[in-house]
**Q** 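Can you read through this structure? Questions will come right after.
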There are 2 protein chains.
Amino acid sequence: MGTKQYTGAPEDADLMRADSLAREIFSDIANKWAFLIIEFLGERTLRFSELRNEVEGISHKMLTQNLRMLERNGLVERTVHPTVPPRVEYTLTEPGQALRATVDGMCGWTHKYLGRIEDSRRRFGA
Amino acid sequence: MGTKQYTGAPEDADLMRADSLAREIFSDIANKWAFLIIEFLGERTLRFSELRNEVEGISHKMLTQNLRMLERNGLVERTVHPTVPPRVEYTLTEPGQALRATVDGMCGWTHKYLGRIEDSRRRFGA
DNA sequence: CTGGATCCAAGCCGATACTG
DNA sequence: CAGTATCGGCTTGGATCCAG
């Protein structure tokens, strides 16, 4: 547990202090819908409508919006099959897969500490 | 790079599908301010006003709000020194430190793919 | 210094309707 | 099926003021 072992730069936090582009990307991606989309696309390629079903509670609009954002940042690739009706598939790119490992880490974390968090909440009360 | 190696449950995504508490916690924490706070607190214990300076652009209100949320979920511990003027320090708990590793991963990711993302954005255009 | 409360604008997000 | 556009409510979040 005491073994920290991250591969980033000497001081990762410096990134968030200095570089405005990094800040922007960070702000783009650090939201729950993007994470959930990445998590599900990590398992397999999915169509728009499949994604809509997997990511419970997401609206048509939010899904579109986040997919565009992820595509723009190169995390997701969009391939259109020119059939009728149209078939559009979304896949994680290599950068997307790389980030997926991180998101997975967060899922694992949630799983691991679920009970403890519940306790903490109860203690905190209101 | 091809070596995926996450420690979570067999299918982490199932967590996000099924457990509503997990979903709620996930939604709480997966936001940029929380991540930035965790990142900076990971480096060292900080006072309220120090955090305000470190996390560039955060408002008084957002900082308070997120700190309460993180405290409630047991990621951050708040210690009040009964001096005058008051001195309040925030530290990461063990769960908080554990999540910090993940956030660090995301910072490292941003750093690593910054150039590629920039390219992708340019290609994407509008 | 820390932080609660209030007011108000900006923008998010869902619903709906409409194209290819 | 996939996606865009528009509208309107309602949440979010910043500014400000007050208290301990």
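Quick caveat: nothing in here was measured; it's all calculated off a predicted structure. Residue numbers start from 1 in every chain, and the chains themselves are labelled A, B, ... in the order their sequence lines are given, proteins ahead of strands.
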**Q** At their closest point, which heavy atom of I29(A) faces which heavy atom of A34(A), and how far apart are they?
**A**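 Here I29(A) and A34(A) meet closest at O-CB, 3.6 Å.
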
**Q** Please determine whether side chain to side chain contact (heavy atoms under 4.5 Å, CB included) holds for the pair L36(B) and N66(B), giving the CA-CA distance in whole Å, both sets of side-chain angles, and the decisive distance to 0.1 Å.
**A** CA-CA 10 Å; L36(B) 288 171; N66(B) 277 278; over 6 Å; no

**Q** Applying side chain to side chain donor-acceptor pair (under 3.5 Å), name anything that partners R78(B), two or more places apart in sequence or on another chain.
**A**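 Scan of R78(B) (side chain to side chain donor-acceptor pair (under 3.5 Å), adjacent residues dropped) gives Y90(B).
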
**Q** Rounded to the nearest 0.5 Å, what separation is found between the NZ atom of K32(A) and the CD1 atom of I25(B)?
**A**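 Nearest 0.5 Å value for the NZ-CD1 distance: 13.5 Å.
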
**Q** Is the phosphate of dA2(D), meaning OP1 or OP2, less than 4.0 Å from a side-chain N or O of S49(A)?
**A**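 Checking S49(A) against dA2(D): at least one side-chain N or O falls below 4.0 Å of OP1 or OP2.
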
**Q** Nearest heavy-atom pair of R52(B) and I58(B): which atoms, and what distance?
**A**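 That closest heavy-atom pairing would be NH1-O, 2.6 Å.
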
**Q** With a 4.0 Å heavy-atom cut-off, tell me which residues in residues 60-70 of chain A come close to DNA chain D, sorted by residue number.
**A**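 Under 4.0 Å from DNA chain D: H60(A), K61(A), T64(A), R68(A).
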
**Q** Quickly work out the E89(B) CD to dT2(C) P distance and round it to whole Å.
**A**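 My rounded result for the distance is 9 Å.
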
**Q** For residues L41(A) and V76(A), report the shortest heavy-atom separation together with the two atoms involved.
**A**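 So the two residues come closest at CD1-CG2, 3.8 Å.
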
**Q** Looking at Y90(A), does any N or O in its side chain come under 4.0 Å of the phosphate oxygens OP1/OP2 on dC1(D)?
**A**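 Negative; the distance criterion is not met.
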
**Q** Mapping S59(A) and F48(B) onto DNA chain C by nearest heavy atom, which one lands closer to the 5' end?
**A**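 Closer to the 5' end of DNA chain C: F48(B).
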
**Q** Would you say R47(B) reaches dC1(C)'s phosphate, i.e. side-chain N/O to OP1/OP2 under 4.0 Å?
**A**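 R47(B) to dC1(C) OP1/OP2: no side-chain N or O under 4.0 Å.
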
**Q** If only side-chain N and O atoms of R78(B) are considered, is one of them under 4.0 Å from the OP1 or OP2 phosphate oxygen of dT2(C)?
**A**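 Looking at the OP1 and OP2 atoms of dT2(C), neither is under 4.0 Å from any side-chain N or O of R78(B).
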
